[in-house]
Engineer: 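Sending over a structure as structure tokens; questions will come in a sec.
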Amino acid sequence: RHGVKATFYVPAVAALIHPDEQRRIIAEGHEIGIHGWIHELNSVLPYEAERDLMLRSADTLEKTCGVRPVGMRTPSWDFSPDTLRIERRHLQAAQTDLLGLPPLMVFDNHDNPRSIDRFGDGRNDIARARIIAAMLLTNRGAALTYYGAPIGMTTSTPTRKEDVRDPIGITGWPKEKGRDGERTPMQWTAGPQAGFSTNPKTWLPVAANYRTVNVASEMADPSSLLQWYRTLIALRRDNPALRDGAMTFVDTKNPDVLAYVREGKEPVLVAMNFSGEPRPLKSGVEGHGLRTLAASDASLSRSDKLDGT
């Protein structure tokens with residue numbers, strides 16, 4: 001519509017039901033990617049079944065649209081003892097097994113509780129949100145975030161049926177409370193209605209924490225989650241290795257650390273600690289003149305070594 005090339009992530013079943021719509025997308029110069037219709041369940045499928053599902057989806061889209069899909073939307077999951085294993089497996093598969101296409105990394109959307117709540121433990125919520133941002137913006141693939149995630153907006157689930165707007169919540173109450181909680185107004189400022197509207201009664205109410213969780217406050221705080229997102233986005237835009245380089249995984253037996261190198265003339269090592277304590281890293285990477293591009297812990301921002309704790 002706006003003359004901008006876009007990638008549409010399409011469930012294979014939707015392509016079968018509405019083939020002309022998908023062909024029109026291609027004819028207008030856009031691209032098609034794979035949207036796993038049951039992506040919330042993918043992380044509990046056996047690996048072979050998941051791979052088969054995605055490959056069959058790619059075949060269906062190619063047969064229907066006449067072109068091979070250019071990428072795929074990745075599954076979502078919650079923090080658990082298996083989180084690091086699942087994340088490493090999916091990222092590795094995207095490099096080798098799944099058509100060699102760049103994945104679309106998704107942690108937040110309008111149909112699921114916000115990731116800061118799903119992954120948070122009440123103590124390390126912001127630290128975990130920083131890991132989510134790092135995975136999202138340093139992996140080889142397209143990055144998709146959801147409004148409010150870069151400032152740590154939380155899910156505000158209605159506590160009374162009469163306050164629910166989502167039809168799913170109205171019909172499913174109280175077992176299913178709907179999706180209103182992840183759809184509350186964007187929190188721009190600490191002012192009235194979080195700066196979202198001059199209307200004192202918006203369709204969905206502003207979350208109660210808007211006075212501290214808002215764009216204006218976090219823009220003024222150099223250590224905020226929003227500033228971390230801005231740092232990573234700038235690195236992804238300006239650093240050739242982070243923008244285009246292949247991924248090589250290192251220290252793959254480490255139970256607490258996800259680490260990989262983005263290859264290029266000046267490679268970039270990315271290391272994320274999934275535990276709440278310092279952990280050792282064995283990168284296997286050697287070099288001189290090293291520098292830290294970004295660190296969520298200020299004490300690491302001047303580090304000039306790769307390995308160790």
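Throughout, numbering of the chain's residues begins at 1 and tracks the sequence. The structure presented is a predicted model; accordingly, all values stated were derived computationally and were not measured.
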Engineer: Angle class for the Tyr260/Phe249 ring planes (parallel below 30°, perpendicular above 60°, tilted otherwise)?
Structural biologist: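 The rings of Tyr260 and Phe249 stand perpendicular, inter-plane angle above 60°.
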Engineer: State plainly whether the residues Arg56 and Asp52 are in salt-bridge range, i.e. N to O under 4.0 Å.
Structural biologist: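 Yes, this pair counts.
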Engineer: With the side chain counted from C-beta on, respond yes when Met135 and Phe107 share a heavy-atom pair under 4.5 Å apart, and no when they do not.
Structural biologist: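 Yes, their side chains come closer than 4.5 Å.
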Engineer: Do Val213 and Val206 sit in one hydrophobic cluster, given that two such residues count as connected whenever their side-chain heavy atoms are within less than 4.5 Å of each other, even indirectly?
Structural biologist: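 In one cluster: no.
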Engineer: Using the six-membered ring of Trp173, assess whether NZ or CZ of Lys175 lies under 6.0 Å from its centre and within 45 degrees of the ring axis.
Structural biologist: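 No, Lys175 does not sit over the ring of Trp173.
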Engineer: Going through the distances and angles, do Arg118 and Asn112 end up as a side chain to side chain contact (heavy atoms under 4.5 Å, CB included)?
Structural biologist: CA-CA 9 Å; Arg118 301 199 322 270; Asn112 294 287; 4.1 Å; yes
Engineer: With hydrophobic residues grouped by side-chain heavy-atom distances under 4.5 Å, do Ile132 and Tyr146 end up in a single group?
Structural biologist: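 Shared cluster, no.
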Engineer: Counting only N and O atoms by type, is there a donor-acceptor contact under 3.5 Å from the side chain of Trp188 to the main-chain atoms of Val215?
Structural biologist: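 A pair under 3.5 Å: no.
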Engineer: When you measure from the side chain of Tyr210 to the backbone of Met186, do you find a donor-acceptor pair of N or O atoms at a distance under 3.5 Å?
Structural biologist: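 No.
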Engineer: Phe196 and Gln187: side chain to side chain contact (heavy atoms under 4.5 Å, CB included), yes or no, with the steps?
Structural biologist: CA-CA 7 Å; Phe196 177 80; Gln187 295 163 207; over 6 Å; no
Engineer: Output, in order, the C-alpha distance, side-chain angles, deciding distance and verdict of side chain to side chain donor-acceptor pair (under 3.5 Å) for Asn199 and Ser197.
Structural biologist: CA-CA 5 Å; Asn199 190 327; Ser197 174; 5.2 Å; no
Engineer: Heavy-atom distance under 4.5 Å between the side chains of Leu226 and Met219, does that happen here?
Structural biologist: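 Yes, side chains in contact.
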Engineer: How long is the gap from OG1 on Thr198 to CD on Gln193, to the nearest 0.5 Å?
Structural biologist: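 So the gap between those two atoms works out to 9.0 Å.
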Engineer: Between Asp251 and Lys282, does any NZ, NE, NH1 or NH2 come within less than 4.0 Å of an OD or OE carboxylate oxygen?
Structural biologist: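 Result for this pair is no, no salt bridge flagged.
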Engineer: First locate atom OG1 of Thr252, then atom CG of Leu258, and finally report the distance between them rounded to the nearest 0.5 Å.
Structural biologist: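 These two atoms lie 10.5 Å from each other.
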Engineer: Would you say the side chain of Trp203 lies within less than 4.5 Å of the side chain of Arg165, judging by non-hydrogen atoms?
Structural biologist: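 They are in contact (side-chain heavy atoms under 4.5 Å apart), so the answer is yes.
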Engineer: Check the pair Val10 / Gln22 against side chain to side chain contact (heavy atoms under 4.5 Å, CB included), numbers first and verdict last.
Structural biologist: CA-CA 8 Å; Val10 180; Gln22 317 315 319; 3.4 Å; yes
Engineer: What are the two closest heavy atoms between Arg236 and Leu242, and how far apart are they?
Structural biologist: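 Closest pair (atom of Arg236, atom of Leu242, distance): CA-CB, 4.2 Å.
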Engineer: Could you check if a side-chain atom of Asp121 sits within less than 4.5 angstrom of a side-chain atom of Arg128, using non-hydrogen atoms only?
Structural biologist: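 Asp121 reaches Arg128 side chain to side chain.
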Engineer: Does the pair Asp59 and Arg68 meet the rule for a salt bridge (charged side-chain N to carboxylate O under 4.0 Å, His left out), with working shown?
Structural biologist: CA-CA 8 Å; Asp59 291 341; Arg68 197 70 172 167; 2.9 Å; yes
Engineer: Are the side chains of Phe274 and Val257 in contact, using a 4.5 Å heavy-atom criterion?
Structural biologist: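 Val257 vs Phe274: side chains apart.
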Engineer: Find out whether Thr7 and Ile32 are in side-chain contact, i.e. whether some heavy atom of one side chain is under 4.5 Å from a heavy atom of the other.
Structural biologist: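 Thr7 vs Ile32: side chains apart.
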Engineer: Can Leu61 be reached from Val67 by stepping across I, L, V, M, F, W or Y side chains whose heavy atoms are under 4.5 Å apart?
Structural biologist: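 They do share one cluster, since a chain of ILVMFWY contacts under 4.5 Å joins Val67 to Leu61.
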Engineer: Do Tyr9 and Ile34 make a side-chain contact, defined as non-hydrogen atoms from C-beta onward lying under 4.5 Å apart?
Structural biologist: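 A side-chain contact under 4.5 Å is absent here.
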Engineer: Indicate if Trp228 and Met272 have the same hydrophobic cluster label, given that clusters are the connected sets of ILVMFWY residues with side-chain heavy-atom separations under 4.5 angstrom.
Structural biologist: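 Yes, because Trp228 and Met272 connect within a single hydrophobic cluster, where side-chain heavy atoms sit under 4.5 Å apart.
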Engineer: Arg243: which residues meet the side chain to side chain contact (heavy atoms under 4.5 Å, CB included) condition with it, sequence neighbours left out?
Structural biologist: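 Pro240.
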Engineer: Can you see which heavy atom on Val261 is nearest to which on Pro267, and at what distance?
Structural biologist: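 Here Val261 and Pro267 meet closest at CG1-CB, 3.8 Å.
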Engineer: Could you check if a side-chain atom of Leu137 sits within less than 4.5 angstrom of a side-chain atom of Tyr229, using non-hydrogen atoms only?
Structural biologist: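 Yes. Closest side-chain heavy atoms under 4.5 Å.
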Engineer: Looking at Thr189 and Gly191, would you say the former's side chain and the latter's main chain have a donor-acceptor pair under 3.5 Å?
Structural biologist: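 Yes, Thr189 side chain to Gly191 backbone: donor-acceptor pair under 3.5 Å.
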Engineer: Should the pair Arg183-Asp111 be classified as a salt bridge under the 4.0 Å nitrogen-to-oxygen rule?
Structural biologist: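 Yes, charged N to carboxylate O under 4.0 Å.
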Engineer: Using a 3.5 Å cut-off and no angle test, enumerate the donor-acceptor pairs between side-chain atoms of residues 149-159 and protein atoms at least two apart in sequence or in another chain.
Structural biologist:
| unit_1 | atom_1 | unit_2 | atom_2 | d |
| --- | --- | --- | --- | --- |
| Thr154 | OG1 | Asn209 | ND2 | 3.1 |
| Thr155 | OG1 | Arg114 | N | 2.8 |
| Thr155 | OG1 | Asp117 | OD2 | 2.7 |

Engineer: Please name the pair of heavy atoms, one in Ala241 and one in Glu266, separated by the smallest distance, quoted to 0.1 Å.
Structural biologist: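 Taking Ala241 first and Glu266 second, the nearest heavy atoms are CB-O, 3.7 Å.
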Engineer: With clusters defined by side-chain heavy atoms of hydrophobic residues (ILVMFWY) lying less than 4.5 Å apart, directly or transitively, does Met247 cluster with Ile131?
Structural biologist: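 Ile131 clusters together with Met247.
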Engineer: Going through the distances and angles, do Leu269 and Leu281 end up as a side chain to side chain contact (heavy atoms under 4.5 Å, CB included)?
Structural biologist: CA-CA 11 Å; Leu269 171 69; Leu281 172 67; 4.2 Å; yes
Engineer: If I compare all heavy atoms of Glu218 with all of Ser224, which pair ends up nearest, and what's the gap?
Structural biologist: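 What the structure gives for the nearest pair is O-OG, 2.8 Å.
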